[in-house]
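First up is the structure itself, then whatever we jot down about it.
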Amino acid sequence: RVLQVPPRAEELSELYRELSQHPGLSTACLGPDLTTQYGGKYCSLYTEWSQRDLARAENIKFCRQYLIFHDGASIVYSGPAGTCSEIKDELLSRESPSGTLKAVLRKVPGKKEKEKQFLEVWDQNRKVKSIDLTALDKHGSVYDDDQFGCLAWSHSETHLLYVAEKKRPKAESFFQSKAPELGTSDEDTGHPKKEDAPVKVGCPHLGSAGGWLWGCGADQPVPQGEQFVYHEDWGETLSTRSVPVLCVLDIEGNSISVLEGIPEHLSPGQAFWSPEDTGVVFVGWWHDPFRLGLRHCTNRRSALFYVDLTGGRCELLSEDTRAVWSPRLSPDSCRIVYLENNVLGPHQQCSRLRMYDWYTKHTTTVLEAVPRQARGAFPGIYCGALPGMCWAADSRRILLDTAQRSQQVREWEVTPASLTPSSPDSPQGSWSVLTIDRDLLVARFSTPSCPPMLKVAVLPATGREAQTQWICLQDAPPVPGISWGIRTLQPLPEQEHPQYGGLDFDAILMRPSEGPTVQKPPLVVMPHGGPHSVFTAGWMLYPAALCRVGFAVLLVNYRGSLGFGQDSVASLPGNVGTQDVHDVQLCVERVLQEETLDASRVALVGGSHGGFLACHLIGQFPDTYRACVVRNPVVNIASMVATTDIPDWCLTETGLPFKPDALPDPAQLTEMLHKSPIRYVDRVRAPVLLMLGEDDRRVPPKQGVEYYRALKARGVLTRLLWYPGNNHALAGVEAEADGFMNMALWLLKHLQC
C-alpha cells in the first residue's frame, strides 16, 4: 500500500494494524523421537508465539506444532501439524525429561476473590493433577518471570521445583476487634498442637529413607501494627518480587514444601535439580544492605549455590564476589555452564562463560571477556540469558547467540579448547537460538524488513559447522518498501577516547524504497537506550512502520554499545552527554552528506537513555533538528538518583563511584547535572512530544514532567502523554499503539510532510 502524502490518521492506523499483526516467536520445545513403522525417526516441535490484539488491547499467546522427520544427519521432511490455537491463562509450562508429562502453571480468575494459581500435570491425553496453590497457602504467588522464575522437573519425574513469594503473615491493626473464641483449644483438650509435618521426598537414589523438605511450619501469631511496614522489592517489572523461596511439589504425594536452608541474605532463583536429584542448584542474589533494580542489570552480586536435600547444607559453587546467572546443566549431568560479570559498573557488559565440573568441583573459564571485537572474529558474549537448552548431545559443545556489532549472530559452538562459528556465511540479520535437543537445532531469524521466521537444522559434527543446512518451517514474507544497510563510522580525531582510542561504531540506515518520498525522504534519528545495549539488524515494529510512512530511519550504535568489545562499553561511563552525543551527531552529518535525504527535515526519537541523547541533541545542536519525540527520558541525573530503582546507574554513567552507604556530595550532584540534557534546555527550539509511563520505576515519570515544565516555561511547543498502568518499556498494547500514532502525527506535522 502506498500512503498519501501526508497520510491521514486512518491510513496510519491501518498501517500500524497491519504491521503489528506479525507475531513474535518466543519459545520452542522438541518432543521425544518416535519411530515410524518403516523405521524412520520423527519428533514434534512445539512453539509459542505472541501477537498484539488491538481490539482486545492485549498481547495474546498462541501455539503451533510441527513435525520433523530426520535421519540423525539431516532433516528429511518437516511441516506444520494442524493450525495454531490461543493459549489462555498459562503462566509457565515445561515438559518432563522423557517428554511424556507436561507441567503447567495456570492462573484462574476467582469468583469473589483474587485470581488463583493452579499447578497442573498433564499426561499424554489427559490432566492427571490439578493443585490449587492459592488454597494450600504454603507461599505467595508463584514467579513466572525470567529473572527468578523456573519450573523444573526432577530427573525421576516425581517432583517439580519452582520459585514463589514467601508467605507473609497477615498483619492486624492495634485496634483490630477480635471475635470471641468458641469451643475449646488444643491445650484444653490435651491434643498436641498441629504442626506442618516434613514432606518426604522419595527420590530413587535416597532409598527407602528418602530426604526431608520442611514446609512452612505452624501458623505464627498474627503481628499487630505491621500492615503498613515497607517491604523492599526488586524494582522495574519486579515490583511484586520481594522474598523468593524455592518450593517443591511431590506429585505422587500431592504435597507442597518450601525448601529450607537458604541463607537469609540471599534471594534464590533460576533453580534446577542437581544430578541424581540429590539437591537443588540455584542462583542467589545478595539483597543486603538493600535491593537494587534487577531487570536488565547483569552486574548484581550473585553466585551459584547447591542445597543438599538430605541435610539442608547450602554450598557455594562459584566465586561470591561476582555476578552470575543463567546456569545450564549438560546432558551427561557432569558440567554446569553459566554467565559471569563483574559486580557493579555498567549494567550490561561483555560476559565471561564459566564451567563448573560437578564431580571434580573445579571451575574453568571457557570464554573471557573480549576487549576489542576484530572483524569476523568472536565478539564476546552479550546476552541476557543462555538458551534454556544450549548443550549439544556430546555434552562438549554449547550453542548461543550474541550481538556482533549491529547483528545478532547465532550458534557459536564453544568447547573448552576451541570456538568456531557454525555458519560463517550467514545472511545479514538477527539470529536467536531457541533450543537444541539431540542435536536438532531451532532458531529464529529476522531482518529490519522481514518479521521473525522459524528455522530448524541438524547440528553437524565438530569441524563441519559450515555445512549447517537450515530448513524454514514458518516463513514470513518481507515487508515491501523497506531497504536497509549497515555502515561503520570512526570518531573524529578530537573525539577519540584518551584511554580507548581507535574504537569505531555502527549505524543501521533504513529507508523507503517506494512511495512519494523515496527520492529524498525526511530522516528520523533513533539512538538506543541503555546506554549499554545495541540495535541489531532484526525486526522492529516502530522503525519499520516509520519507514513505511515515508521516513528514513537511522539507528545509531554509538561507542558504549554492546557487541563491539568490552573496551567500547568501558569508554562511555564518565562521558555520557558528550561522547555518545558526538557519535550520534557525527553519524547524522555523515548520512546527510552521503545519502539523498532531506537535511531540512530531521527529527529525533528515543527512549530512556535514547531520550537522554535526543534531549541533549536538540539542545546542543538546535539547528539540526525540527522535531523530537521522547519516551521516559532521563533529563536530570541529579534529581533521578534519589528516586530510581538503579541509583548506581546515575553515579556509574556519570563516572563516579557507587557505594550503598554514601550520599552524593554537592560536587557529585553538580557533575550529574552538568552531564544532563536539562542543562541545555534554554537552547531548545524543536517541538517536543513526551510519553511517560505512570508506573516507571527505572526513570520515574517526574523526569519527563520536569522537562515538560522547563520547556513550557521557555515557550517551547511541547505535549505530554501519560500512560497509566505502563512501566519503563511502555509496552502495553494500547500505549504502544497510541504512542505510534501520536509519534507519527507529531513528526508529520512538524517536519511539514
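As a basis for the values below, the full set of heavy atoms in this structure was taken, side chains included, without hydrogen atoms, waters or symmetry mates.
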Closest non-hydrogen atom pair between [X] and [Y], with its separation:
X	Y	value
Y707	C615	CE2-SG, 3.5 Å
N726	G732	OD1-N, 3.0 Å
I482	A544	CD1-O, 3.8 Å
A545	L15	O-CD2, 3.7 Å
I87	C63	CD1-CB, 3.8 Å
C547	M510	SG-C, 4.0 Å

*With sequence neighbours left out, what residues match N727 under side chain to side chain contact (heavy atoms under 4.5 Å, CB included)?*
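Once residues adjacent in sequence are excluded, the partners of N727 under the side chain to side chain contact (heavy atoms under 4.5 Å, CB included) criterion are E236, T237, A729.
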*Quick one: list whatever passes side chain to side chain contact (heavy atoms under 4.5 Å, CB included) with L717, sequence neighbours left out.*
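Once residues adjacent in sequence are excluded, the partners of L717 under the side chain to side chain contact (heavy atoms under 4.5 Å, CB included) criterion are P687, W746, H750.
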Are [X] and [Y] close enough that some pair of their side-chain heavy atoms sits under 4.5 Å apart?
X	Y	value
P633	L690	yes
P521	F551	no
L721	R719	yes
V602	R626	no
Y558	L613	yes
T718	L689	no
H728	V699	yes
H532	L572	yes

Between atom [atom1] of [X] and atom [atom2] of [Y], what is the distance when rounded to the nearest 0.5 Å?
X	Y	atom1	atom2	answer
N59	S26	CG	OG	10.5 Å
Y16	L54	OH	CG	6.5 Å
C29	M389	SG	CE	7.5 Å
S432	D401	OG	CG	4.5 Å
H497	D567	NE2	CG	9.5 Å
R698	H609	CZ	NE2	14.5 Å

Are the charged groups of [X] and [Y] less than 4.0 angstrom apart, N to O?
X	Y	answer
R487	E594	yes
K675	D580	no
R56	E86	yes
R405	D506	yes

Tell me if a side-chain donor or acceptor on [X] pairs with a main-chain N or O of [Y] at a distance below 3.5 Å.
X	Y	value
R444	L25	yes
Q373	A377	yes
D583	R559	yes
Q407	G429	yes
N557	A507	no
Y542	F740	yes
Q490	L503	yes
S568	G565	no
Q566	V370	no
T402	C383	no

Angle class for the [X]/[Y] ring planes (parallel below 30°, perpendicular above 60°, tilted otherwise)?
X	Y	value
W431	F445	tilted
H616	F612	perpendicular
F535	H528	perpendicular

Looking only at the side chains, is there a donor atom on one of [X] and [Y] sitting less than 3.5 Å from an acceptor on the other?
X	Y	answer
T468	W470	no
Q349	T298	no
Q474	Y66	yes
Q585	Y625	yes

*Go through N632 and M691 one step at a time and tell me if the side chain to side chain contact (heavy atoms under 4.5 Å, CB included) criterion holds.*
CA-CA 6 Å; N632 290 323; M691 303 179 187; over 6 Å; no
*Do R511 and E595 pass the salt bridge (Lys or Arg N to Asp or Glu O under 4.0 Å) test, and can you show the C-alpha distance, the side-chain angles, and the key distance before you say yes or no?*
CA-CA 10 Å; R511 59 180 302 155; E595 298 279 340; 3.0 Å; yes
*Dump the intermediate steps for side chain to side chain contact (heavy atoms under 4.5 Å, CB included) on R590 and L489, then the final yes or no.*
CA-CA 9 Å; R590 289 280 178 83; L489 298 98; 3.8 Å; yes
*I471 vs I68, side chain to side chain contact (heavy atoms under 4.5 Å, CB included): CA-CA, chis, key distance, verdict*: CA-CA 10 Å; I471 304 295; I68 302 173; over 6 Å; no
*Answer yes or no: does atom CD of Q620 have more than 12 heavy-atom neighbours from other residues, nucleotides or ligands under 6.0 Å?*
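Correct, the count exceeds 12.
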Pair up each side-chain donor or acceptor in residues 453-460 with any protein partner under 3.5 Å, not counting sequence neighbours, and list the distances.
none

*Please report the C-alpha distance between Q428 and T447 in whole Å, then the side-chain angles of each, then the deciding distance to 0.1 Å, and finally whether the side chain to side chain donor-acceptor pair (under 3.5 Å) criterion is met.*
CA-CA 8 Å; Q428 279 194 328; T447 73; over 6 Å; no
*Check step by step if side chain to side chain contact (heavy atoms under 4.5 Å, CB included) holds for Y500 and R372.*
CA-CA 10 Å; Y500 301 106; R372 298 278 175 123; 4.0 Å; yes
